[in-house]
Each structure stands twice: as C-alpha cells, then as structure tokens.
There are 2 protein chains.
Amino acid sequence: MEVINYLLGYKDLKIVQNTEYFNFSLDSVLLANFVTIRSNTNKIMDLGTGNAPIPLILSTKTKAQIYGVEIQDAIYKLALKTISINRMEEKIKLLNEDIKTIDKLFETDSFDIITSNPPYFKITGGSLVNNSNHKTIARHEVLMTIDDVLGVSRKLLKNNGILGLVHRPERLLEILTKMKKYNIEPKRIRFVYPKVGMNCNMILIEGSKNGKEGLKIMPPLFVHDKDGKYTTEVEEMFGA
Amino acid sequence: MEVINYLLGYKDLKIVQNTEYFNFSLDSVLLANFVTIRSNTNKIMDLGTGNAPIPLILSTKTKAQIYGVEIQDAIYKLALKTISINRMEEKIKLLNEDIKTIDKLFETDSFDIITSNPPYFKITGGSLVNNSNHKTIARHEVLMTIDDVLGVSRKLLKNNGILGLVHRPERLLEILTKMKKYNIEPKRIRFVYPKVGMNCNMILIEGSKNGKEGLKIMPPLFVHDKDGKYTTEVEEMFGA
C-alpha cells in the first residue's frame with residue numbers, strides 16, 4: 001500500500017512510502033544530521049537513496065546540488081513522487097542507476113560529500129533473507145556492498161571530500177580497515193546507543209578522501225531516554 | 001621523593017610511589033574494573049605493572065594467583081614495598097623481567113587473564129620524550145610495544161583466555177587489527193569519556209585468544225559529571 005507520510009518532525013517535508021518495501025528509518029535521520037556540511041559544499045551524492053530521506057533532510061541544511069541513486073525501479077518511482085510532492089526537482093536529482101557504474105556519469109573528483117545508509121548484512125550461505133525482494137536488497141549486500149560504496153567514493157569525491165556512513169557496530173573493524181584501503185581516512189565516529197545502559201547498535205562514521213590520519217571518537221549519541229522518549233538531541237533533529 | 005598513598009578509595013590498600021616516576025592513574029583502575037573475572041580464574045598476569053595498581057585491585061576481586069612484570073628495577077622495588085605493606089606476597093608475585101622474554105618462565109597456554117596498561121605513545125623521530133627516563137619508558141613504546149603485549153599474550157593465554165587492555169582512541173584501528181593478527185579476537189570495547197559532551201580519550205578493550213568473531217560495544221563510561229566530580233559508576237570502583 002502506498003502512503004504519504006510526513007518526514008517525522010520535518011513539518012514541510014513529506015515522504016511517499018509503500019508498506020511492502022523497506023521504509024526509511026532513524027538511521028538515515030541520524031546520518032543526515034551527522035555529516036559535516038560546509039558553506040562551500042556544492043555537490044552531494046547519496047548512494048542507495050531508497051525513498052530519498054537523506055537528500056530531503058540535507059536539502060534543509062545546504063544549498064548544494066544533491067543527487068540520489070537508487071537501483072530499484074519501484075523504489076526510485078516512489079522517490080520521484082516524494083521529490084515532486086516537496087517541489088524539490090531542482091535541488092534533488094534522482095538517478096535510477098547502479099552505484100557500481102555511476103562514476104561513468106560524473107566527473108571524477110567532483111563531489112564534496114557522499115552519504116550512504118547501505119545494506120548492513122553480508123550475504124552468506126546461511127543468510128536468512130527477507131521474503132520481499134525489495135526488503136532483501138535494502139538490507140543485504142545483494143546489489144551494493146561496502147566495497148562498492150567505497151570504490152565509488154574514491155572515484156567521485158574531491159580530494160578531502162567527505163564520506164558519511166551509518167552501519168552496524170559488528171562491522172566496525174572491517175569498515176575502518178576498508179576505508180583506509182580505499183584511501184578514505186576515518187576521521188570521526190559516533191557510537192549510537194538505544195538508551196543509557198544498552199550496548200551500541202549503530203555507528204556513524206565520517207572519512208576524508210586522502211585525509212590525514214587522526215580519528216576522533218565523538219560523544220556518544222543516545223536515542224531514547226529512560227522513559228523511552230526521544231532524547232532532546234534526537235528530538236531536535238526532528239524539529240528542523 | 002618516596003611516598004605511601006592510599007590506593008584512592010580502596011581503604012585497605014596502600015601504594016608506594018615516587019614523585020619522580022610515573023605514578024599510577026585512573027586508567028589502571030578502570031581496566032582492573034573492566035576485565036571479566038570468572039569464578040574459575042586461576043592465573044592472571046599484568047604486563048608492565050609499574051607500582052602494581054592493577055594486581056592490587058584485582059586481588060580484591062579474585063582468589064587467583066596474580067603475577068606482575070616490571071622491567072625497571074627502581075619501579076619494581078617500589079612495587080615490592082607496596083606488596084609487602086599490603087601483605088600480599090602470597091597472592092601477588094612480582095617479576096623484575098622483560099615482558100618480551102617472560103614466556104620462557106611460564107608454561108604456554110597457562111593464563112586465564114592477561115592485563116596491560118602499556119605505554120601509549122609510539123616512538124617517532126620527532127617524539128617529544130619525557131625528561132625522566134622512567135617516565136619515558138612508562139609512556140613511550142621504548143621497551144614494550146603493543147606488538148610485544150600481543151605476542152606474549154598469544155603464547156601465555158589459555159585457549160579463550162582473556163586479554164584486557166587500556167589504550168588511546170587514536171590507536172583503536174591499529175590495536176583491533178593487530179589483535180586479530182595475533183589471534184586475540186576483539187570481543188568487548190568500552191569508550192571512556194572525561195565527561196558528557198567531550199570526545200573519548202581512553203579505550204578499554206577485551207579480546208579472547210582464538211575467540212569467535214563478534215565485537216560488542218558496551219555502554220560508554222563517563223568519568224566526571226557536569227560538576228567535575230567522579231560519576232557514581234567511577235566512585236563505586238573506588239569504594240570497593
């Protein structure tokens with residue numbers, strides 16, 4: 001079923017979703033609020049954009065040209081509707097493409113920022129994959145792996161351009177190691193905790209292409225307070 | 001000047017220190033409270049034990065035989081006095097040895113736990129080293145590197161034996177990568193923050209020899225509250 005929702009607290013932003021597909025989640029909101037946007041940020045790309053929550057939130061924070069890439073045709077069409085409803089056709093360009101070949105459509109070294117909330121789970125022989133193919137592709141590394149994201153980023157980011165990722169803590173070491181392999185130097189991490197006293201369940205990572213070594217571990221981010229409500233910090237992200 | 005101090009809030013424990021040397025710090029207290037002690041833990045070794053704060057604190061938590069290894073003669077002698085004042089000669093054995101050859105004095109695969117608060121800083125051409133040679137050796141990887149700690153641990157730990165480390169966040173990726181290289185699988189990390197809103201300045205890491213993959217990022221540890229006092233959690237560590 002296709003529905004139009006408000007993008008949480010972003011009062012002016014609506015998002016078109018389909019209950020049979022993977023719907024946008026908190027992860028994207030946190031990533032869009034984590035990534036470092038500068039006054040001279042001109043070009044941003046979101047890889048595996050889904051129904052485009054990251055481009056939508058970023059559009060409230062920058063005048064940069066934003067591109068969103070989505071391989072799945074049905075999801076791409078929903079994202080188009082979302083962009084159209086919000087009258088963002090100029091600011092956000094959507095591409096129904098495979099991220100593995102997207103570098104052929106753009107100049108190398110031309111993006112200030114690349115973001116991605118990629119599929120979190122590796123494909124293994126015993127993987128329990130989701131019933132719906134759309135959800136499987138969004139959650140499992142079927143069509144897009146962390147290596148794919150890093151490979152495109154190395155090509156398309158400017159020197160010192162920024163890659164912002166959200167991922168799972170289980171893959172921390174692998175992601176940091178691979179970032180270095182692709183010359184994306186890890187610079188900032190925030191560990192996200194569902195609430196005080198619980199283990200981390202999400203990581204926000206920012207790297208800089210050909211950047212200088214020096215990783216900062218930022219203050220932890222708690223999503224809920226003891227009563228189960230959003231913390232002030234997360235609430236403020238939704239109040240933009 | 002040689003002084004006898006109480007080991008912070010550990011009312012029964014005294015520690016002999018010399019103001020010209022590197023004195024024990026919060027790091028050791030946090031590590032001794034972080035490491036997983038089991039009811040069947042029989043043998044523990046602390047590498048680069050200094051004036052033996054980690055063995056002393058661990059002695060309040062376990063009946064295991066604890067060994068502390070310190071290469072610097074003057075520091076070793078202070079530690080001996082500390083052990084003697086606390087009448088711990090049976091429970092804590094000190095060795096004035098180099099950790100790089102300590103494996104020759106013990107059976108391989110014989111320790112349940114190895115701990116270390118090693119020197120944090122790499123030696124580089126431009127390293128600013130401390131005036132006092134004792135302090136330099138405690139802070140810089142002159143006589144003991146992270147590779148040395150991991151090499152000994154691989155030899156002396158039992159299968160699934162535990163290595164507990166405290167270190168600096170700048171070296172997180174290197175340490176995790178090297179742990180895997182030495183077959184010490186990273187299992188638990190706690191990031192330590194001086195207070196709310198500040199970046200992490202210390203990491204607590206536990207690995208398991210030949211352990212199964214699966215890294216957990218535990219709740220963050222805040223040292224001070226907003227008023228600059230120790231948080232309840234840290235205060236409780238001192239209240240043992």
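This one's a predicted model, so the numbers in the text were calculated from it and none came from an experiment.
Going from atom CG of A:L173 over to atom CG of B:L173 covers 6.5 Å, rounded to the nearest 0.5 Å. Here B:R188 contributes atom CZ and A:N199 contributes atom CG; the two are 9.0 Å apart, rounded to the nearest 0.5 Å. Within the model, atoms CG of A:L172 and CG of B:L176 stand 6.5 Å from one another, a figure rounded to the nearest 0.5 Å.
The nearest pair of heavy atoms linking B:Y193 to A:P219 is CE2-CA, 3.8 Å.
Ranked by non-hydrogen atom pairs under 4.5 Å with chain A, the options B:E170, B:M198, B:K180 are led by B:M198.
The aromatic rings of B:F222 and A:F222 lie tilted to each other, with the angle between the two planes from 30° to 60°.
For A:K155, the NZ atom is loosely surrounded, since the number of other residues' heavy atoms within 6.0 Å does not exceed 12.
When each of B:L215, B:I189, B:I217 is tested with A:P169 by the rule side chain to side chain contact (heavy atoms under 4.5 Å, CB included), just one qualifies, namely B:I217.
Residue contact with chain A, scored on non-hydrogen atoms closer than 4.5 Å, involves the backbone and the side chain of B:M218 alike.
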